[in-house]
Q: 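Dropping the structure in here first, questions after.
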There are 2 protein chains.
Amino acid sequence: MGKRTTIGDVASAAGVSVATVSRVLNGGAVREDTAARVLAAVTSLEYTPNALTRSIFSGRSTTIGVVIRDLSSPFYLDLMRGIDEVASANDSLVMFANSYRLPDREVAHVRTMDEQRVRGLIVTTGEPADSRTRGMTANGTPCVVVARTVADPPPGLHSVSLDNVAAGRLMAGHLAACGRSAVGVVRSGQRQSQVERTAGLGAGLVDAGLPSPAVVEAATEEEVPTAVAGLLEGRPDAVVCMTGRLTVATYQALTAAGRAVPEDVAFLTMDEFTWAAALGITVVAQPSYDMGRQAASLVVEAPAEPVRRVFAPTLVARRSCGE
Amino acid sequence: MGKRTTIGDVASAAGVSVATVSRVLNGGAVREDTAARVLAAVTSLEYTPNALTRSIFSGRSTTIGVVIRDLSSPFYLDLMRGIDEVASANDSLVMFANSYRLPDREVAHVRTMDEQRVRGLIVTTGEPADSRTRGMTANGTPCVVVARTVADPPPGLHSVSLDNVAAGRLMAGHLAACGRSAVGVVRSGQRQSQVERTAGLGAGLVDAGLPSPAVVEAATEEEVPTAVAGLLEGRPDAVVCMTGRLTVATYQALTAAGRAVPEDVAFLTMDEFTWAAALGITVVAQPSYDMGRQAASLVVEAPAEPVRRVFAPTLVARRSCGE
DNA sequence: TTGAAAGCGCTAACAA
DNA sequence: TTGTTAGCGCTTTCAA
């Protein structure tokens, strides 16, 4: 497997100095026939420049780091695609790590990204990683926190998130319009986003003269059946799922309990997903792809002032809430 | 944003040479109190080693490159998770790029991965990228082709794939057992894997004394309704979808055409997916997560001889084929 | 146990 | 237009 061909090999093959080779590769002033000789050598030697050594210079790679909590969630998946799209368009690669919602992994991954001297970092992590992220921005690495806002961000630390209160209100409005009144909520925990959505839902319901929703929590899919059973005891005519991750489990718990959707109970959930249209499930969608694009753009453009971009949710009405 | 702290800064702060700092960081022989002084300096200066400069030495980064055709497909998603899992366990990061099934992008991305001097490369690309991949193995970069086999692989070029013929036979056996006889196939094109699955299905059907399946092709979801309509003219009692990517569209085309599953027509598709259990859809599953782990392991272990790992498919029988 | 010094492959002044 | 010469931040001989 020998040594790889270096810029020096190309230089000797073309009978020029390494500086000249570097120039033709990066677009400096070179005489045409010299350039041709160099290019010929590059081709015949199959020379592939070393991006690592290159970035040693700028002190920074061209790679965008992404630490995702859960790749299997439709939201994060589309987010990732949006990021990848912008990265590709800017000749950047995406360096990726999945944290599986484990704080320790999040912190470790963010550190590794820092070691890799990523051009910028996009994280969907929780607070534990924040101190390192702040440190990175101090070193000139733009960071973007997704699906969460950061209190008192330093220059270079941005956020891209959803207007979660609006999402909750959208749900309340639709449910009220569909003539539902006893609303039950399933959520996975106390994450900022879900708490805000629940608050928005509650406020919207009150505005419509309806009672506040009952709330149950299920951290994992396994806990959903029990949680939903608890909810059902209150005889709700609508069940709302506050996170796309629990959509299947919640829907399944409903039908397994013998409740027909939407006849017995309306069903409304977060985040658009592949089967939603086919199943006629109404959702409040996040523009996740655009959010990914925006996050990556913030990395690429690296504005000095902290940017806080809040996206509006959309209601995609289908059959699952009746009417 | 000033210059970043370097190993030199740590050295002066601790009153030692850079060599000593390097030693305590990489585990050389250092006196205990010296090491302690260095570590203290590392902490107080918040020194984060530069992985880029580090890998300039080995001529190789610790990153595993992955070029995926389509992140939104359940197969590739799980594959990705398996890869990420093994990478993390080996302190490697995953450098990722989505090619959206565009050959040009595939080739470009593979090239970029080579420039990044990835430790190894996992690709789900088509043939156009093969020549570069071969070149990379010649330079000592292990490469793994997923979901496809490579003819006459050089040392270091491995493949991880499914036994597609067996998958097709599994389908035939199940369909026959469910009393179906007129089988129609939807596939997205002439990709090796789908052709083999179709061949396996045909062979299995013949073995069961049944007629060969009718086959239609739909490159995209948009083309599915027309394709399925064509299939339906032949009055099949079973429709098989050869790629997970078209599952939703095919299923939806069937119900939109007024065919009840499984009463009017059995439905069978490739790849396990989140909603399959809830919807009672029978699938032939690939062990995609394990395939991802295997691919990443091949990169990490880098055997010299080309390894060709073929995984067995599994039938997950549910309600969609009757019986 | 430590430090000085020579690179790793490349870019960017500065000369020629 | 080209070559020479410093480095970039780090690891690794080789001496001390």
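Order of the sequence lines sets the chain letters (A, B, ...), proteins ahead of strands, with each chain counted from 1.
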Q: Could you tabulate the donor-acceptor pairs under 3.5 Å formed by side-chain atoms of residues 296-311 of chain A, not counting sequence neighbours?
A:
unit_1: A/Ser297; atom_1: OG; unit_2: A/Arg293; atom_2: O; d: 2.8

Q: Check side-chain contact (heavy atoms from CB on, under 4.5 Å) between B/Leu102 and all other residues, then give those that pass, not counting sequence neighbours.
A: B/Tyr100, B/Arg105
Q: Starting at CG of A/Asp9 and ending at P of C/dG9, how long is that distance when rounded to a whole Å?
A: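 It works out to 9 Å between those atoms.
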Q: Between the side chains of A/Arg191 and A/Thr243, does any donor sit under 3.5 Å from an acceptor?
A: no
Q: Tell me, please, which residues at least two apart from A/Asn164 pass side-chain contact (heavy atoms from CB on, under 4.5 Å).
A: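 A/Asn164 satisfies side-chain contact (heavy atoms from CB on, under 4.5 Å) with A/Leu162, A/Ser193, A/Glu196, A/Arg197 only.
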Q: Could you pick out which residue, B/Gly15 or B/Arg117, lies toward the 5' side of DNA chain C when each is mapped onto its nearest nucleotide?
A: B/Gly15
Q: Tell me, please, the opening and closing nucleotides of DNA chain D, 5' to 3', among those with an atom under 4.0 angstrom from a non-hydrogen atom of chain B.
A: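 First-to-last contact on DNA chain D, by the 4.0 Å heavy-atom rule, is D/dG9 to D/dT13.
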Q: Strictly below 4.0 Å: does B/Thr20 bring a side-chain N or O up to OP1 or OP2 of C/dG3?
A: yes
Q: Map B/Ile56 and B/Ala19 onto DNA chain C by nearest heavy atom, then report which one ends up closer to the 5' terminus.
A: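 This one resolves to B/Ala19.
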Q: With each end axis built from five pairs of C1' atoms, what bend angle do you get for the helix from C/dT1-D/dA16 to C/dA16-D/dT1? Round to 10°.
A: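 Nearest ten degrees gives 40° for this helix.
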Q: Could you check which residues of residues 23-46 of chain A get a heavy atom under 4.0 Å from DNA chain C? Sort them by number, please.
A: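 Output list: A/Arg23, A/Asn26.
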Q: Would you please name every residue forming a salt bridge (charged side-chain N to carboxylate O under 4.0 Å, His left out) with A/Asp290, sequence neighbours left out?
A: none
Q: List the atom pairs, with distances to 0.1 Å, where a side-chain N or O of residues 16-29 of chain B and a protein N or O form a donor-acceptor pair under 3.5 Å, not counting sequence neighbours.
A:
unit_1: B/Ser17; atom_1: OG; unit_2: B/Ala19; atom_2: N; d: 3.4
unit_1: B/Ser17; atom_1: OG; unit_2: B/Thr20; atom_2: N; d: 3.4
unit_1: B/Ser17; atom_1: OG; unit_2: B/Thr20; atom_2: OG1; d: 3.3
unit_1: B/Ser22; atom_1: OG; unit_2: B/Asn26; atom_2: ND2; d: 3.3
unit_1: B/Asn26; atom_1: OD1; unit_2: B/Arg54; atom_2: NH2; d: 3.1
unit_1: B/Asn26; atom_1: ND2; unit_2: B/Ser22; atom_2: O; d: 2.9

Q: How would you list, by chain and number, every residue that makes a side-chain contact (heavy atoms from CB on, under 4.5 Å) with B/Ala41, sequence neighbours excluded?
A: B/Val10, B/Ala13, B/Ala14
Q: Can you tell me how far C1' of C/dG9 sits from CZ of B/Arg54, to the nearest Å?
A: 19 Å
Q: What nucleic acid atoms does B/Ser22 come within less than 4.0 Å of, heavy atoms only: base, sugar-phosphate, or nothing?
A: base
Q: List the residues meeting side-chain contact (heavy atoms from CB on, under 4.5 Å) with B/Ser288, not counting sequence neighbours, and say none if there are none.
A: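 For B/Ser288 the side-chain contact (heavy atoms from CB on, under 4.5 Å) partners, ignoring immediate neighbours, are B/Phe75, B/Asp78.
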Q: Which whole-number value in Å describes the distance from A/Asn50 CG to C/dG9 C1'?
A: 6 Å
Q: Between side-chain atoms of residues 121-129 of chain A and protein atoms elsewhere (two or more places apart, or another chain), which donor-acceptor pairs fall under 3.5 Å?
A:
unit_1: A/Thr124; atom_1: OG1; unit_2: A/Val67; atom_2: O; d: 3.2
unit_1: A/Thr124; atom_1: OG1; unit_2: A/Arg69; atom_2: N; d: 3.0

Q: With sequence neighbours left out, write down each residue that passes salt bridge (charged side-chain N to carboxylate O under 4.0 Å, His left out) with A/Arg101, or none if nothing qualifies.
A: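 If we apply the salt bridge (charged side-chain N to carboxylate O under 4.0 Å, His left out) test to A/Arg101, skipping adjacent residues, the hits are A/Asp70.
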Q: So that I can tick it off, tell me whether A/Arg134 and A/Asp152 are bridged by a salt bridge, with the cut-off set at under 4.0 angstrom between side-chain N and carboxylate O.
A: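 No.
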